[in-house]
Amino acid sequence: MTDDGYDLDEAYQIDGPDGARRMYGDWAPTYDDSFGAAWGYIAPREIAAILAAEVGTQAEILDIGAGTGLVAEHLRGRTVDALDITPEMLEIARPKGVYRNLMLGDLTKALDIPDATYDAVISCGTFTHGHVGPECFPELLRITRPGAVFACGTIGPVLDGAGFGSELARLVAQGRITPVAWRDIPIYEGADHPHKDDRGLVMVFRRV
């Protein structure tokens, strides 16, 4: 970890929920400044804009891997609930006032959320190296309503290496989701660091 509290390459080495909980718990106090601002992290803004164009203003949205609320800051005025594995991150998000509810939960396990609760799911920075893979989709489909929109970011190496393509294809083939539309987005803007030219991919689909 760097002196300012954030190291993206170290984050990419996380090996599961326990590692994520520990690492992001340590980073929570400095995350918005040492990563969000210092790295020019605009992916939350880009993904929020994609979702906002797909859903009505009354939609109930679940932000998975919500962290400190960087996505929901760009969805102000909408109904958004936060789900994250790290309580320290959610406590940073709380005073921002961008969430209706803040929930602690592990996306690799069953969620304590009733069936058909949400009209949309958004995610930024969750489907990445060592974090959460496509195994969470069946549970997310359970807690969403028919027609619910998903706008979830990832990066090419994770899409190729973690089995997202085959799992999404299977869900389409089973008639559980619509075909996926892909959006290419910048991840960073106006900063100079080794990842400044990285691009993201946003999967956009609806629950059938």
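Side-chain atoms are counted along with the backbone in the values below, which use heavy atoms only and exclude waters and symmetry mates.
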- request: Determine whether the aromatic ring centres of Phe127 and Phe137 lie less than 6.0 Å apart.
  value: yes

query: In terms of hydrophobic clustering (I, L, V, M, F, W, Y; side-chain heavy atoms under 4.5 Å; direct or indirect links), are Val158 and Val180 co-clustered?
result: yes

- prompt: How long is the gap from CG on Asp81 to CG on Leu83, to the nearest 0.5 Å?
  reply: 9.5 Å

- prompt: Given Glu73 and Arg45, is the side chain to side chain contact (heavy atoms under 4.5 Å, CB included) satisfied, shown in steps?
  reply: CA-CA 8 Å; Glu73 288 180 20; Arg45 180 191 77 195; over 6 Å; no

field: Pairing of Lys96 and Asp32 as salt bridge, 4.0 angstrom limit
entry: yes

message: Donor-acceptor pair, distance only, cut-off 3.5 Å: does the side chain of Arg78 make one with the backbone of Gly56?
response: yes

query: Where is the tightest heavy-atom contact between Tyr41 and Leu70, given as atom of each residue plus distance?
result: CD2-CD1, 4.0 Å

- prompt: Nearest heavy-atom pair of Ala148 and Ala120: which atoms, and what distance?
  reply: CB-N, 4.2 Å

message: Can you confirm whether Gln58 sits close enough to Thr79 that some side-chain heavy atom of one is under 4.5 Å from a side-chain heavy atom of the other?
response: no

- request: Evaluate the criterion side chain to side chain contact (heavy atoms under 4.5 Å, CB included) for residue pair Leu201 and Ile155; output intermediate values, then yes/no.
  value: CA-CA 6 Å; Leu201 287 166; Ile155 53 176; over 6 Å; no

task: Report the distance from atom OG1 of Thr86 to atom OH of Tyr31, rounding to the nearest 0.5 Å.
output: 10.5 Å

message: Grouping I, L, V, M, F, W and Y whenever their side-chain heavy atoms are under 4.5 Å apart, do Leu140 and Val80 come out in a common cluster?
response: no

field: Side-chain donor or acceptor of Arg145 paired with backbone N/O of Thr117 under 3.5 Å
entry: yes

message: Quick one, Arg199 with Glu189, criterion salt bridge (Lys or Arg N to Asp or Glu O under 4.0 Å). Give me CA distance, side-chain angles, the key distance, then yes/no.
response: CA-CA 11 Å; Arg199 306 284 300 182; Glu189 178 181 83; over 6 Å; no

query: Is a salt bridge present between Arg100 and Glu60, judged by a nitrogen-to-oxygen distance below 4.0 Å?
result: yes

- prompt: What are the two closest heavy atoms between Gly25 and Pro29, and how far apart are they?
  reply: O-CD, 4.0 Å

Joint hydrophobic cluster, Ile61 plus Phe205, side-chain heavy atoms closer than 4.5 Å: no

query: Do the rings of His195 and Tyr188 sit parallel, tilted or perpendicular, given the 30° and 60° boundaries?
result: tilted

message: Please find the pair of heavy atoms, one from Ile42 and one from Pro186, that lie closest to each other, and give the distance.
response: CD1-CG, 3.7 Å

task: Quick one: pull up OG1 in Thr178 and CG in Leu171 and give me the separation to the nearest 0.5 Å.
output: 10.5 Å

- request: Determine, using the 4.5 Å side-chain heavy-atom cutoff (strictly less than), whether Ile177 and Met203 are members of one ILVMFWY cluster.
  value: yes

query: Is there a donor-acceptor contact under 3.5 Å linking the side chains of Tyr24 and Asp84?
result: no

task: Report yes or no: does Thr128 contribute a side-chain atom to a donor-acceptor pair with the main-chain N or O of Gly125 at less than 3.5 Å?
output: no

- request: Test side chain to side chain contact (heavy atoms under 4.5 Å, CB included) on Val202 and Trp182 and set out the steps.
  value: CA-CA 6 Å; Val202 183; Trp182 294 97; over 6 Å; no

query: Do the side chain of Arg142 and the main chain of Ile113 share a donor and acceptor less than 3.5 angstrom apart?
result: yes

message: Under 4.0 Å between a side-chain nitrogen and a carboxylate oxygen: does that hold for Arg176 and Glu167?
response: no

message: side chain to side chain contact (heavy atoms under 4.5 Å, CB included), that's the test. Do Ile50 and Ile185 meet it? Break it down for me.
response: CA-CA 10 Å; Ile50 289 170; Ile185 62 165; 4.0 Å; yes

message: Does Gln174, at its CD atom, have more than 12 non-hydrogen atoms belonging to other residues, nucleotides or ligands within less than 6.0 Å?
response: yes

query: Have Tyr99 and Asp63 got a donor and an acceptor in their side chains that come within less than 3.5 Å?
result: yes

- request: Taking all non-hydrogen atoms of both residues into account, name the closest pair between Ala38 and Ala191 and its distance.
  value: O-CB, 3.8 Å

statement: Value for CG (Leu141) from CG (Asp115), rounded to nearest 0.5 Å, stands at 11.5 Å

message: Are Ile187 and Leu159 linked, directly or through intermediate hydrophobic residues, by side-chain heavy-atom contacts shorter than 4.5 Å (ILVMFWY only)?
response: yes

- prompt: Is it true that a side-chain atom of Thr126 and a backbone atom of Ser123 form a donor plus acceptor pair closer than 3.5 Å?
  reply: no

Distance in Å, Leu107 CG paired with Ile64 CD1, rounded so as to fall on 0.5 Å steps: 5.0 Å

query: From Glu88 CD over to Asp26 CG, what is the distance, rounded to the nearest 0.5 angstrom?
result: 7.5 Å

task: Please find out if less than 6.0 Å separates the ring center of Trp39 from that of Phe35.
output: yes

- line: All heavy atoms of Ala48 vs all of His74, minimum pair found to be CB-CB, 3.6 Å

- prompt: Between Leu90 and Leu104, is any pair of side-chain heavy atoms under 4.5 Å apart?
  reply: yes

